[in-house]
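Counting convention: from 1, in listed order, for ligands and their atoms alike.
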Amino acid sequence: SQGYFTYDPGFVSTASCDSEITYIDGDQGILLHRGYPIDQLAEHSNYLELCYLLLNGELPSAAESETFVDTIKNHTMVHEQLRNFFQGFRRDAHPMAIMCGVTGALSAFYHDSLDIDNPEHRRITAHRLIAKMPTLAAMSYKYSLGQPFIYPRNDLSYAENFLHMMFATPCEEYKVSPTLAKAMDRIFLLHADHEQNASTSTVRLAGSTGANPFACIAAGIAALWGPSHGGANEAVLNMLDEIGSVDNIDKYIKKAKDKDDPFRIMGFGHRVYKNYDPRAKVMQQTCHEVLEELGVQDDPILEMAQALEKIALEDDYFVSKRLYPNVDFYSGIILKAIGIPVEMFTVIFATGRTPGWIAHWNEMISGPYKIGRPRQLYKGYAQRDYKTIDKR
Ligand code: SDX
């Protein structure tokens with residue numbers, strides 16, 4: 001009417017790409033990594049083996065696995081000068097803000113492997129990122145506490161090393177509990193990749209310009225931070241805190257149906273899954289295992305989460321909208337039980353998702369690709385002539 005183009009609000013511009021890495025069937029609730037179902041990987045595999053699978057397309061032999069694990073171990077330290085980089089942040093900076101900054105800065109330290117057309121450079125960069133993310137994540141936590149950084153140790157597994165760097169201090173030995181290490185490894189594994197989600201698409205789009213991989217991963221971390229995406233695990237715990245007790249759940253379910261001011265039940269719904277997120281099922285089982293081992297199975301937060309899940313799965317609104325628990329619904333409860341502070345939850349997600357991001361980046365860069373350029377449906381003014389200020 002005023003010269004605007006009308007447009008169909010249902011129009012969704014989809015920039016699609018082909019990939020061999022991960023397959024999702026949202027209606028059936030299927031998730032395959034290089035053809036292997038996520039529940040089988042969760043039961044029989046481990047995080048570093050899945051990293052190898054995502055990067056190379058096949059499960060490693062025993063010898064390949066040993067070499068890969070050793071290679072990753074020998075990249076876990078970060079350049080000593082990177083420690084100074086942290087000093088520029090306030091102690092109360094959100095660790096995701098630190099991770100965005102520090103990960104992007106890695107390109108200023110590891111510029112000996114930034115030729116993205118060189119497969120060897122791409123390989124070492126992939127290994128460096130997978131190896132260093134837990135170290136940087138733990139450093140961002142230690143920095144917030146004002147505690148000294150703890151160096152990685154080569155005698156520990158990937159998950160044990162992360163927990164050790166998070167909770168050890170120079171004053172006394174920190175013994176990593178095998179249960180917590182297994183749960184931590186499972187959490188990393190369940191977050192490793194998820195096809196063309198918002199942060200992976202961000203990494204691909206940044207990579208399509210020829211930007212260096214550290215900058216692309218930093219862009220992915222920034223996209224993941226949002227509460228609709230990777231920030232949801234933190235948002236789930238904050239929501240359960242706000243709900244406060246099982247008796248208040250109905251009130252929040254009602255708020256979710258409020259057309260004027262809908263309250264999003266964090267940890268529910270998904271852009272693709274219109275069935276149970278298969279990761280949520282594994283996460284729920286892990287949650288029970290961890291809480292049982294820790295003797296906190298009657299954790300009030302878990303009790304509230306289970307009650308909310310039961311009510312929501314039987315509620316007509318949620319059923320009609322096909323809203324099921326997603327990967328973030330239970331992960332926060334496990335992380336809390338492990339002792340990870342809420343503000344670190346999305347940092348854990350980013351650490352776990354690194355192999356997925358870098359596998360997609362590498363898949364695109366290894367073949368012919370063009371710069372990404374999503375199209376738009378213009379809905380602004382038609383052409384019009386300039387008006388001088390005296391005529392406005
Ligand atoms: C992740 O893409 C990926 O793969 C992401 C991820 C990965 O591994 O990378 O799986 C990780 O991001 C999981 C999602 C984590 N986010 C949350 O848990 C936040 C809460 N969820 C929502 O914000 C929401 O469900 C989204 C953002 C995840 C999806 O939003 P959509 O695309 O709007 O969902 P939809 O179109 O299927 O919604 C259908 C309807 C809508 O109502 P109408 O517009 O049709 O009237 O359901 C409503 C939504 O308003 N709805 C919700 C809801 N999620 C959707 N209502 C209440 N609570 C919710 N959580």
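Protein heavy atoms are absent from the space less than 4.0 angstrom from atom 38 (O) of ligand 1. Using a 4.0 Å threshold on non-hydrogen atoms, atom 44 (O) of ligand 1 does not count as touching the protein.
Residue-ligand proximity, Gly267 to ligand 1, at heavy-atom distances under 4.0 Å covers atoms 17 (C), 18 (O). Listed by atom number, the atoms of ligand 1 under 4.0 Å from Asn197 heavy atoms are 2 (O), 3 (C), 4 (O), 5 (C), 9 (O). Those atoms of ligand 1 with a heavy atom of Ser228 less than 4.0 angstrom away are 12 (O), 14 (C), 15 (C), 16 (N). Close approach of ligand 1 to Phe263 is summarised as follows: ligand atoms under 4.0 Å from at least one heavy atom of the residue are 57 (C).
Cation-pi geometry between Arg91 and Tyr143 is met: the NZ or CZ atom falls under 6.0 Å from the ring centre, inside 45° of the normal.
If you check which protein heavy atom lies closest to atom 12 (O) of ligand 1, you get His229 ND1, 3.0 Å. Regarding atom 27 (C) of ligand 1, its nearest protein heavy-atom neighbour is Arg264 NH1, 3.9 Å. Scanning the protein for heavy atoms near atom 13 (C) of ligand 1, the closest one is Asp328 OD2, 3.4 Å. Protein heavy atom in closest approach to atom 17 (C) of ligand 1: Ala232 CB, 3.5 Å. Considering only non-hydrogen protein atoms, atom 4 (O) of ligand 1 sits nearest to His194 ND1, 2.5 Å.
Remark: among candidates Lys321, Lys274, Arg353, the nearest residue to atom 35 (P) of ligand 1 is Lys274, based on non-hydrogen atoms. Compare Ile265, Leu323, Val272 by their heavy atoms: the one nearest to atom 58 (N) of ligand 1 is in Ile265. Distances from atom 32 (O) of ligand 1 to the heavy atoms of His270, Gln196, Arg279, Arg271 show the closest one on Arg271.
Side-chain atoms of His288 and Tyr330 form no donor-acceptor pair, as typed in the model, at a separation below 3.5 Å. Remark: the Thr200 side chain and the Asn197 side chain contain an N/O donor-acceptor pair separated by less than 3.5 Å. Judged purely by distance below 3.5 Å, without hydrogens or angles, the side chains of His111 and Asn212 never pair a donor atom with an acceptor atom.
In this structure, CG on Leu82 lies 7.5 Å from CZ on Phe85, to the nearest 0.5 angstrom.
If you look at Phe188 and Tyr158, their ring centroids are closer than 6.0 Å.
Checking Asp250, Asp316, Asp315 one by one against Lys257, the salt bridge (Lys or Arg N to Asp or Glu O under 4.0 Å) holds for a single residue, Asp315.
Between Glu363 and Arg204 there is a salt bridge, since a side-chain N of the basic residue sits under 4.0 Å from a carboxylate O of the acidic one.
Inclusion of Phe268 in the set of residues having an N or O under 3.5 Å from an N or O of ligand 1 is warranted.
The closest approach between a heavy atom of Tyr317 and any atom of ligand 1 is below 4.0 Å.
Heavy atoms of Asn326 found under 4.0 angstrom from ligand 1 belong exclusively to the side chain. Here Pro227 has backbone heavy atoms under 4.0 Å from ligand 1, and that is the only part of it that gets that close.
Aromatic ring orientation, Tyr273 versus His194: tilted (interplanar angle from 30° to 60°).
Here the side chains of Asn326 and Arg271 are not in contact, with every heavy-atom distance at 4.5 Å or above.
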Report task. Report the C-alpha separation of Phe149 and Phe86 in whole Å, then their side-chain angles, then the decisive distance to 0.1 Å, and conclude whether the ring-ring contact (aromatic ring centres under 6.0 Å, His included) test is met. Result -> CA-CA 11 Å; Phe149 297 137; Phe86 282 78; 5.2 Å; yes
